[in-house]
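None of the values given here were measured: they were computed from a predicted structure. Order of the sequence lines fixes the chain letters, A, B, ..., with proteins taken first and strands second; residue numbering starts at 1 for each chain. As a basis for the values below, the full set of heavy atoms in this structure was taken, side chains included, without hydrogen atoms, waters or symmetry mates.
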Amino acid sequence: MKHDVAARIAKALAEEARARGIEGELPAPSIDRTKKAEHGDFATNVAMAVAKRFSVKPQELAAALKARLEGDPTFARVEVAGPGFLNLKLAPAAFHRALAQVLEAGPLFGRAPAASRERVNLEFVSANPTGPMHLAHGRGAVVGDVVGRLLDATGHRVVREYYVNDAGNQIRLLTQSVLARIVDGYPTPQDGYGANAYVEQLGAHVNGRHPDLVARAPSEPLAFEQLSKRCVTYVLDGFPGFPGIRATLRALGVQFDVWSSEAALHADGRVERAIDALRDGGWLVERDGALQFETTRLGDDKDRVVFKTDGGHTYFASDIAYHKDKLDRGFDRLIDVWGADHHGYIPRVRAALTALGLPAERFEVILIQMVSLVKNGAPYRMGKRLGNFITIDEVLDEIDEASGRKGSGSDALRYYFTSRRSDAQLEIDVEIAKKQSLDNPVYYVQYGHARLCALLKKAEHECGIAPRAEPDLSPLQHPDELSLIAQLSAYPEALAEAAKLREPQKIVGYLTSLTQAFQSYYTRLKKENDTILPRSGERETGAWKTRDDGAYAAKVRARVAWVRAIRDVYGAGLALLGIAAPERMDRPAAAEGASPEATDDEAG
RNA sequence: GCGCCCGUAGCUCAGUUGGAUAGAGCGGCGGCCUUCUAAGCCGUUGGUCGGGCGUUCGAGUCGCCCCGGGCGCGCCA
């Protein structure tokens with residue numbers, strides 16, 4: 001629809017230029033959808049943008065263009081406004097054409113499967129396998145997952161990857177913490193994972209399953225290593241009392257294609273080879289007994305240690321190998337989703353790729369800002385040692401239970417995390433996060449979808465309108481119906497924009513506004529004493545089919561197709577967000593029974 | 001001190017990458033269910049878009065300078 005309008009404006013502009021003898025390239029006109037109905041459907045600033053080239057006043061040029069555009073039946077009204085805007089109101093037929101396009105594409109509308117075919121490696125979450133995922137991890141998980149869906153939908157080939165840090169200090173500390181719980185006299189490690197239910201349960205489980213390893217681990221390094229591996233496995237796969245990271249992610253609707261292991265990078269020599277390559281390139285220096293990579297030569301603040309004085313590697317050493325490995329696997333683009341507290345890390349990874357002769361410009365980072373928790377207005381600090389972190393499992397379970405539907409918690413959390421820009425800090429009240437089950441805005445969007453589905457079901461079963469009917473659309477004349485079509489036609493633009501900028505909240509915003517428009521129309525129509533479908537009495541007798549010589553039936557059929565288009569776009573949008581699109585939603589019992597008295601009782 | 005992010009309604013946040021009278025949810029107040037789902041709709045309340053200067057037809061959006069908050073500046077991850 002927008003392209004169509006843009007092409008017509010460009011044509012009028014070109015004609016005007018020719019008439020005035022203006023030579024050369026003209027800037028592409030910028031076409032905007034208007035916010036106000038009185039401004040028509042589209043507006044363009046083209047007259048203001050090119051007035052200088054034409055050596056005339058913007059308003060004069062706008063008037064000339066208006067004269068040309070008025071000859072085009074696509075436009076019902078063309079007006080010059082303000083300093084030289086052209087406000088365009090489209091004829092109904094233009095809306096009907098746009099709707100036909102949506103209907104033809106159906107649920108695939110807006111997708112661009114043949115776009116770039118860029119091969120993208122999307123690495124996200126990558127939380128250390130040392131404990132359950134807590135709420136803050138969820139933000140990166142959801143944003144990463146949705147960015148993956150956005151890229152899928154816009155023609156990229158995405159591999160979702162979880163980098164398991166199974167080779168470092170933190171794993172050793174976890175294993176030591178576990179041993180301290182179950183082996184008499186085993187020292188509690190400094191900065192370890194304290195006395196909480198998680199370590200307790202993990203210890204009990206490990207002790208029951210691998211008594212031999214537990215016995216030997218304190219004195220035999222090999223046994224310790226094997227025990228560490230077991231611990232990582234249990235953290236990922238779960239053990240009694242805790243579902244494990246994989247299951248938590250699954251419950252959140254997050255899937256991964258590849259789980260790559262840091263330990264494996266070391267085991268098969270990829271780290272060594274990457275470091276050797278840096279050495280061969282002359283990037284490494286021995287300093288203070290450690291091996292340093294001179295990243296300052298590539299714009300970093302200071303040189304970075306890759307091998308420590310004690311001979312151990314830093315995580316940076318692994319990361320060099322890991323990112324090199326990802327590029328070696330042939331990806332056109334690497335997208336890492338990181339917590340914003342790691343932002344200082346970007347220059348050194350980029351430096352590493354450059355030093356290795358790899359295309360660093362393919363490396364991109366999405367920073368996820370902190371999630372800070374408050375409880376009753378006061379900061380709520382979470383910490384491993386405090387043992388009071390709110391796990392994702394906990395939040396999911398509570399919301400599922402309160403709403404009586406499995407998956408409800410995932411929907412609520414996904415909505416919450418995707419409705420905000422990821423580069424802005426986010427404050428969550430832990431009480432609201434857990435109890436906000438029934439007034440979460442996600443239900444608003446889902447309810448809209450359920451209403452559309454209910455209409456379509458009734459249309460099929462009680463009016464005999466085929467689900468894939470392709471009726472004449474010209475009876476659609478209600479201003480709300482037409483402006484909703486304009487909104488539908490904007491969906492591909494919203495999707496493309498969201499994918500390009502890696503900003504899921506654009507989709508949430510789009511869906512919210514679409515829902516609003518439909519819900520508002522739905523109620524307004526009733527006030528106008530009209531309905532989308534025939535009322536129940538007429539449905540039963542079939543009288544609606546012949547009313548007004550069939551004109552009414554034609555309108556009903558057109559409206560049902562229109563509803564189907566909205567439903568399809570809706571469903572597509574929700575799928576992008578990984579939020580369920582329920583076909584029916586019944587009022588929850590709490591809301592059903594809500595009366596002033598009942599509310600007072602609860603409050604008192 | 002240096003670097004990155006943020007500052008928009010009482011609270012949590014959007015704002016189509018420079019457009020017209022800045023929006024939503026929650027909260028407050030007042031209305032709307034006899035037949036398509038009231039988890040809804042309508043109205044109302046609420047703003048010097050942190051402050052200043054600049055760029056131009058036009059700034060919440062871009063530039064510079066302040067103020068305020070968060071994060072980073074480890075041979076931790």
Side-chain angles (χ1 to χ4, degrees), chain A residues 30 32-36 38-39 43 45 48 51 57-58 81-85 87 128 130 165 168-170 191 287-292 301-302 304-310 312-316 339-347 367 369-370 372 377 403 416 419-421 423-429 432 436 438-444 446-448 450-451 453-455 457-459 462-463 490 493-494 497-498 500-501 503 505-506 508-510 512-513 515-516 519-527 531-540 563 584-588 590-592:
Chain A
S30 140
D32 291 310
R33 291 169 190 277
T34 56
K35 290 175 198 161
K36 300 241 151 212
E38 63 203 70
H39 294 147
N45 63 354
M48 288 180 282
K57 287 184 181 153
F85 288 106
N87 289 337
N128 277 342
T130 54
N165 290 120
N169 239 341
Q170 298 305 316
D191 295 326
R287 195 179 294 151
D288 307 330
L291 194 61
Q292 301 201 354
D301 294 333
K302 51 185 69 173
R304 307 295 172 179
V305 171
V306 288
F307 278 94
K308 300 183 277 187
T309 329
D310 66 5
H313 68 275
T314 60
Y315 268 42
F316 182 41
D341 52 339
H342 288 65
H343 75 263
Y345 217 77
I346 298 173
L367 291 176
Q369 273 292 351
M370 306 287 97
S372 57
S403 71
Y416 200 78
S419 57
R420 273 85 166 164
R421 306 172 52 91
D423 62 357
Q425 284 165 238
L426 181 54
E427 205 164 80
I428 297 183
D429 187 306
I432 293 176
Q436 193 193 40
L438 296 181
D439 57 358
N440 191 302
V442 72
Y443 299 112
Y444 176 67
Q446 291 182 316
Y447 180 69
R451 262 189 168 172
C453 288
L455 286 170
K457 211 171 292 173
K458 265 202 171 78
E462 298 180 27
C463 303
E493 298 155 33
E497 173 99 348
K500 187 174 132 205
L501 301 176
E503 291 188 356
Q505 87 279 0
K506 305 265 183 207
V508 175
Y510 175 85
T512 305
S513 138
T515 309
Q516 236 152 27
Q519 301 274 39
S520 176
Y521 161 84
Y522 185 89
T523 310
R524 185 173 312 160
L525 203 62
K526 190 180 274 182
K527 289 251 163 68
T531 50
I532 296 169
L533 298 177
R535 292 163 202 269
S536 60
E538 262 192 309
R539 286 205 300 271
E540 282 158 22
V563 165
R584 61 172 300 134
M585 278 177 82
D586 298 307
R587 296 183 74 192
E592 194 91 63

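Within the nucleic acid shown, Ala450(A) comes within 4.0 Å of at least one base atom, counting heavy atoms only. Among the atoms of the strands shown, none is found under 4.0 Å from any heavy atom of Asp301(A). Residue Leu426(A) is classed as a sugar-phosphate contact, given heavy-atom separations below 4.0 Å to backbone atoms only. The residue Ala81(A) sits close to a base: some heavy atom pair falls under 4.0 Å. Within 4.0 Å (heavy atoms only), Ala43(A) reaches at least one base atom of the nucleic acid. Note on Tyr522(A): a base of the nucleic acid sits closer than 4.0 angstrom, heavy atoms only. In this structure, Gln516(A) reaches the sugar-phosphate backbone alone: every heavy-atom distance under 4.0 Å involves primed, P, OP1 or OP2 atoms, never a base. Using a 4.0 Å heavy-atom criterion, one finds that Asn87(A) contacts the bases of the nucleic acid, with or without backbone contacts as well. Glu540(A) comes within 4.0 angstrom of no nucleic acid atom, judged by non-hydrogen atoms across all strands.
When the side-chain nitrogen and oxygen atoms of Lys458(A) are compared with OP1 and OP2 of U37(B), one or more of them lie within a distance under 4.0 Å. Between Arg421(A) and G15(B), a side-chain N or O to OP1/OP2 separation shorter than 4.0 Å is present. OP1 and OP2 of C41(B) both lie 4.0 Å or more from every side-chain N or O belonging to Lys527(A). The side chain of Tyr444(A) places an N or O atom within less than 4.0 Å of a non-bridging phosphate oxygen (OP1 or OP2) of C41(B). Close to C42(B), at under 4.0 Å from its OP1 or OP2, lies no side-chain N or O of Gln519(A). Taking only side-chain nitrogens and oxygens, Lys35(A) never comes nearer than 4.0 Å to OP1 or OP2 of A22(B). Between Ser520(A) and C42(B) there is a side-chain polar atom (N or O) within less than 4.0 angstrom of OP1 or OP2. Dashed line: the shortest gap from a side-chain N or O of Lys457(A) to OP1 or OP2 of U37(B) is not under 4.0 Å.
When the C1' atom is compared between C49(B) and C33(B), the two are found 39 Å apart, to the nearest whole Å. Of the P atoms belonging to A9(B) and A24(B), the separation is 14 Å, rounded to the nearest Å. Between the P atoms of G54(B) and A59(B), the separation comes to 13 Å (whole Å). Distance noted for atom C1' between C65(B) and U55(B): 15 Å (whole Å). Look at the C1' atom in both G52(B) and U16(B): the space between them is 29 Å, to the nearest Å. Across G58(B) and G43(B), the matching C1' atoms stand 32 Å from one another, rounded to whole Å. Spacing of C1' atoms, A22(B) relative to G60(B), comes out at 7 Å, to the nearest Å. Rounded to a whole angstrom, the distance from the P atom of G28(B) to that of G10(B) is 16 Å.
For His342(A) against G72(B), a side-chain-to-base donor-acceptor contact under 3.5 Å is absent. Remark: the Thr314(A) side chain and the C75(B) base include no donor-acceptor N/O pair separated by less than 3.5 Å.
The nearest whole Å value for the distance from the OH atom in Tyr416(A) to the C1' atom in C26(B) is 10 Å. Taking atom CE of Met48(A) as the reference point, atom P of A20(B) lies 11 Å away to the nearest angstrom. Distance Gln505(A) CD to G25(B) C1': 16 Å, rounded to the nearest Å.
With centroids closer than 5.5 Å and planes inclined by less than 30 degrees as the test, Phe85(A) and the base of A20(B) pass as a stacked pair.
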Open item on the list: side chain to side chain contact (heavy atoms under 4.5 Å, CB included), that's the test. Do Lys308(A) and His313(A) meet it? Break it down for me.
Closed with: CA-CA 6 Å; Lys308(A) 300 183 277 187; His313(A) 68 275; over 6 Å; no

- [ ] Kindly determine whether Arg420(A) and Gln505(A) satisfy side-chain hydrogen bond (donor to acceptor under 3.5 Å, both in side chains), including the steps that lead there.
- [x] CA-CA 6 Å; Arg420(A) 273 85 166 164; Gln505(A) 87 279 0; over 6 Å; no

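Nucleotide U48(B) forms no Watson-Crick or G-U wobble pair with any nucleotide shown, as no partner meets the under 3.5 Å limit on both distances. G72(B) is paired with C2(B) under the criterion used here, namely a Watson-Crick or G-U wobble arrangement in which both key atom distances are under 3.5 Å. A 3.5 Å limit on both hydrogen-bonding distances identifies C62(B) as the Watson-Crick or G-U partner of G54(B). Using the Watson-Crick or G-U wobble rule with both distances under 3.5 Å, C11(B) pairs with G25(B). Pairing partner, U16(B): none, since no Watson-Crick or wobble contact has both distances short of 3.5 Å. The partner of G40(B) is C32(B), by the rule that a Watson-Crick or G-U pair needs both atom distances under 3.5 Å.
Atom CZ in Phe307(A) sits 7.5 Å away from atom OG1 in Thr314(A) (nearest 0.5 Å). Rounded to the nearest 0.5 Å, atoms OH (Tyr444(A)) and CD (Gln516(A)) are 4.5 Å apart.
Of the candidates U21(B), C36(B), C57(B), C36(B) carries the atom nearest the Thr531(A) side chain, counting heavy atoms from C-beta on. Counting only heavy atoms from C-beta on, Gln369(A) has its side chain closest to G70(B) among G70(B), G72(B), A14(B). Counting only heavy atoms from C-beta on, Val305(A) has its side chain closest to C75(B) among C75(B), G72(B), C57(B). Comparing atom distances between the Lys308(A) side chain and each of G69(B), C76(B), C71(B) picks out C76(B) as nearest. Checking A38(B), G15(B), C5(B) against the side-chain heavy atoms of Gln425(A) singles out C5(B) as nearest. Among the nucleotides C57(B), C75(B), A38(B), the one closest to the side chain of Thr309(A) is C75(B). Comparing G15(B), U12(B), G25(B) against the side chain of Pro441(A) picks out G25(B) as the nearest.
Here Arg535(A) does not pair with Glu538(A) in a salt bridge; the nearest charged N to carboxylate O distance is not below 4.0 Å. For the pair Arg33(A) and Glu493(A), the salt-bridge criterion is met [side-chain N within less than 4.0 Å of a carboxylate O].
The nearest heavy atom of RNA chain B to Ile532(A) and to Asp32(A) marks one nucleotide each, and the one closer to the 5' end goes with Asp32(A). For the pair Leu501(A) and Ala340(A), nearest-nucleotide mapping onto RNA chain B gives the more 5' position to Leu501(A).
Between Ala459(A) and Leu533(A), the shortest heavy-atom distance links the atoms CB-CD2, 3.8 Å. Taking both residues in full, the closest heavy atoms of Gly448(A) and Thr515(A) are given as CA-CG2, 4.4 Å, listed atom of the first, atom of the second, then distance.
Taking 90° from 0 as the syn/anti boundary, the base of C11(B) is oriented anti.
Within a 6.0 Å radius of NZ in Lys500(A), no more than 12 heavy atoms belonging to other residues, nucleotides or ligands are found.
Both tests do not hold together for Arg451(A) against Tyr447(A): distance to the six-membered ring centre under 6.0 Å, angle to the ring axis within 45°.
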